[in-house]
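Working notes for the structure below.
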Amino acid sequence: MLSIVSQIKIAAAQALNHLFPEANVTDEVITVNETKPEFTGDYTVVLFPFVKSLRQNPAVLGKALGDYLIQNNPIFTAHSTVAGFLNLTISDNYFASFLNENYSVKDFGRKESNGKKVMIEYASPNTNKPIHFGHLRNNFLGWSVSEILKASGYDVIKANLVNDRGIHICKSMIAWMRYANDATPESTGIKGDHLVGDYYVMFNDVYKQEVADLIAQGKEKEVAEKEASILVDAQDLLRKWEAGDPEVYRLWQTMNNWVYAGFDVTYNKLGVDFDQMYYESNTYLLGKEIVQEGLEKGILFKKENGSVWIDLTADGLDEKLLLRADGTSVYMTQDLGTARLKYNDYKMDTSAYVIADEQNYHMQVLKLILQKLGEPCAEGIYHLSYGMVELPSGRMKSREGTVVDADDMIAEMVRLAKEQTEEAGKTEGFTEAELEHLYNMVGLGALKFYLLRVEPKKKMIFDPKESIDLHGFTATFIQYAHARICSILSKNDIAYGPVSIGKDPLLQLEKDLLLQIEQYPAILEQAAKEYNPASLCNYAFRIAQTFNSFYAQHSIANAESEEKKQLRLMLATMTANTLQNVMALLGIEVPNKM
RNA sequence: GGUCCGGUAGCUCAGUUGGAUAGAGCAUCAGCCUUCUAAGCUGAGGGUCAUUGGUUCGAAUCCAAUCCGGAUCACCA
């Protein structure tokens, strides 16, 4: 079924072509808006473009078009033209049949498969420290966008590229070797990712101290920073790792496994999941092959010291290093290899990377290089860039201890949800398990919504005070509307069978709600096109708002007539379904009571 | 300096391919629980859409310049 807006565009174009054979318009050029509340009508066709081209008076044109539409299309019942705007009223009967057809469709708005395949890479942690607050926006965005695309008919692969090798993990390893006395997550009771992260922090403390000591002994600062023994040892570990030293390799595996076990717990709590894991330790060598091929094709060049570069100055960029003089690979080299590997695995149409905007340049260069190399994966690469999350005090810095740990953050949000639920005296009639589930839905929902409600590319400030607010533009507000509906539906059954409008025309708020719900497929399509969960946050909030207004002014259980009651129960059912569906795409559960 | 992104109410943000008098939430103030859940509803105040110029019947939206903030331009990842 076409959306109302699409139907209006098609009908208006057809009407104009019929009334004015010289018009020759297509439906794409018709502008349709929601009618402003101060005017009568539901949707508005903007007439100005045709006033000029058809040399018609707006009032005359509006009347001719409006009359024609009403005569030829039962969806319209009334029209009026105000200053070049043709306001159209949609038939109540159209909405009644819309309700009858869709109210029991649980997955209303979900699209059939379109045969396109998309990979979304997100999360992509380093294995030297736990997931912190800054990663949350990435995780929620990546997961939500994946679900949005799935609901829009795409075949989605959620991928996670783990940065499991390199100097950073060697730093944790050397600190552990020196100071841990064989401490394990089991022996200490500390979550694996936190344990490894603690030693990463310890590395930095020790390193700082060693540098200070060396400077005190009279060394230059720069020399001291290179000669500090713990750094030298870490670099030595990295060389041994690359040489395949079995002992180093074993410790590396052990510590990474501790981290993965910890990550799994956190991912589970966050409600995110992955279809495909990639590890840089498996892919970092692949890039070198591509670089070799690029050299042979003459697209890359070698400098005197043996380093390999690509010249992007013709594209307004710089020269970019792809291989160090010593032959080791850099970040870009690995990404070239991973891009090809992913494509060989899945042959996806689009390969999206959820990565912070500080890497905009890197991603631009990555795509450009792959294009120049003629890699088939190049065209599909899409950088879903998002702004960094900052605290009111400024940007988080792991070395300055201003990082907020993700596990702590979740626990705190759930605790606050509990506190506020208890304060509101809303705990009666729940079992302990139900309450725990509720606190989780509310606390985690608040966090997700807070991070998803802002357009991805905008940077945002995380204000703890604001994030725990459960009023206004929040997940809680929407969850509450859903719970209210469920409460009504549990006490009032729908007598199955189609409803009709009968003597009682739709009230404005009933119609507002129907208009909004009818737009869901279009809203979803837009969110998928833009990779933007924020538009769904706004949409869900708007529906909940409209429902709450309706709820405050009109009764469902005690409606004016039995027919009205049926219609409202169906409308409430669709509202609840839509809220649940939208929130599910954001990764947020909605309770049946709260 | 080059490139990219942002600037809308006191604060946090919406604002479709340009359309009517620029909208929400928070905060502030005033109301609303004998009716389906008040985590709610109704109302009020609050704006030089950074600035200037241009395009157009019409600009927060498009173009140009300027100002402010941020990111990036490593043989780091």
Side-chain angles (χ1 to χ4, degrees), chain A residues 5 28-29 31-36 38-39 44 46-49 51-52 58 82-85 87 126 163 166-168 280 303 305-309 316-318 320-332 334-335 356-362 364-365 385 387-388 390 395 417 420-421 423-424 426 442 450 453-455 457-461 463 465-467 469-474 476-481 483-492 522-523 526 529-530 534-535 537-538 541-542 544-545 547-559 568 572 593-594:
Chain A
V5 170
E28 294 102 52
V29 305
T31 301
V32 176
N33 298 319
E34 287 175 40
T35 303
K36 300 265 173 196
E38 52 268 38
F39 302 101
T44 297
V46 182
L47 299 173
F48 294 107
V51 166
K52 199 174 185 189
V82 183
F85 297 93
N87 300 322
N126 291 350
N163 186 354
I167 190 68
H168 56 84
E280 288 193 0
K303 288 198 177 175
N305 65 1
S307 57
V308 179
W309 298 73
L317 305 174
D318 307 305
K320 188 78 189 171
L321 175 85
L322 296 179
L323 222 46
R324 294 191 186 98
D326 65 4
T328 57
S329 58
V330 292
Y331 183 44
M332 185 62 76
Q334 300 177 28
D335 277 359
D357 61 8
E358 59 186 357
Q359 295 197 38
N360 284 355
Y361 179 74
H362 175 81
Q364 188 189 352
V365 169
S385 170
M388 308 285 276
E390 294 175 11
R395 200 166 157 177
Q420 298 201 29
T421 305
E423 270 172 24
K426 301 223 167 208
V442 172
Y450 186 84
R453 70 186 198 181
V454 178
E455 193 190 344
K457 76 175 170 189
K458 292 197 176 175
K459 69 176 182 193
M460 60 183 297
I461 294 168
D463 182 349
K465 275 207 302 285
E466 194 182 82
S467 68
D469 190 2
L470 306 182
H471 305 271
F473 186 31
T474 63
T476 314
F477 181 95
I478 297 160
Q479 290 168 325
Y480 185 61
R484 282 173 141 185
I485 296 173
C486 289
S487 172
I488 297 168
L489 294 176
S490 69
K491 296 171 197 162
N492 300 276
I523 300 270
Q526 185 76 9
K529 198 173 131 200
E530 295 174 349
S535 57
C537 292
N538 281 299
F541 178 64
R542 208 175 145 209
Q545 240 180 348
F547 176 80
N548 280 337
S549 294
F550 175 83
Y551 180 92
Q553 291 176 43
H554 308 288
S555 176
I556 293 173
N558 299 308
R568 286 181 188 168
K593 60 175 181 170
M594 65 188 287

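Being a predicted model, the structure only gives us computed values, none of them experimental. Reminder, nothing fancy here: chain letters follow the sequence lines and each chain counts from 1.
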How far, in whole Å, is [M] from [N] if one measures between their [atom1] atoms?
| N | M | atom1 | result |
| --- | --- | --- | --- |
| A22(B) | A30(B) | P | 28 Å |
| A24(B) | G43(B) | P | 9 Å |
| C57(B) | G47(B) | C1' | 26 Å |
| A9(B) | U52(B) | P | 16 Å |
| G23(B) | C4(B) | P | 33 Å |
| C67(B) | A50(B) | C1' | 7 Å |
| A74(B) | C63(B) | C1' | 36 Å |
| G15(B) | A20(B) | C1' | 15 Å |

Using the aromatic ring of Y551(A) (for Trp, its six-membered ring), decide whether it stacks on the base of G40(B) within the limits of 5.5 Å and 30°.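 Ring-base stacking flag not set for Y551(A) and G40(B).
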
- prompt: Is F85(A) stacked on the base of G19(B), meaning ring centres closer than 5.5 Å and planes within 30 degrees of each other?
  reply: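 Answer is no, no stack.
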
[X] near the nucleic acid: base, sugar-phosphate alone, or nothing, with a heavy-atom cut-off under 4.0 Å?
| X | value |
| --- | --- |
| D469(A) | sugar-phosphate |
| F541(A) | sugar-phosphate |
| D326(A) | nothing |
| D335(A) | nothing |
| M460(A) | sugar-phosphate |
| K36(A) | base |
| S385(A) | nothing |
| T421(A) | base |
| A83(A) | nothing |

> RNA chain B: T35(A) or R453(A), which has the more 5' nearest nucleotide?
Replying inline: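 Its nearest nucleotide being more 5', the pick is R453(A).
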
Over how many whole Å does the gap from H471(A) atom NE2 to C13(B) atom P extend?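 One finds 20 Å between P of C13(B) and NE2 of H471(A), rounded.
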
| query | Quick one: Y331(A) OH to U72(B) P, roughly how many Å, whole number? | reply |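 Rounded to whole Å, this separation is 13 Å.
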
Taking the side chain of [X] as heavy atoms from C-beta outward, which of [options] is closest to it?
| X | options | value |
| --- | --- | --- |
| Q553(A) | U42(B), C36(B), A77(B) | U42(B) |
| K458(A) | G6(B), C36(B), U56(B) | G6(B) |
| N558(A) | U35(B), U17(B), A39(B) | U35(B) |
| E280(A) | A77(B), C36(B), A20(B) | A77(B) |

Check whether R324(A) reaches the backbone of S307(A) with its side chain - one donor and one acceptor, N or O, closer than 3.5 Å.
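Absent.
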
Does a nitrogen or oxygen in the side chain of [X] sit under 4.0 Å from OP1 or OP2 of [N]?
| X | N | result |
| --- | --- | --- |
| S549(A) | U42(B) | yes |
| Y361(A) | U72(B) | no |
| Q545(A) | G40(B) | no |

Would you say the side chains of N163(A) and Y331(A) form a donor-acceptor pair under 3.5 Å?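 Result is no, nothing qualifies.
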
Checklist line | Lys NZ or Arg CZ of R484(A) over F547(A) ring: under 6.0 Å, within 45° | finding: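 Judged by the rule (NZ or CZ under 6.0 Å from the ring centre, within 45° of its axis), R484(A) is not positioned above F547(A).
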
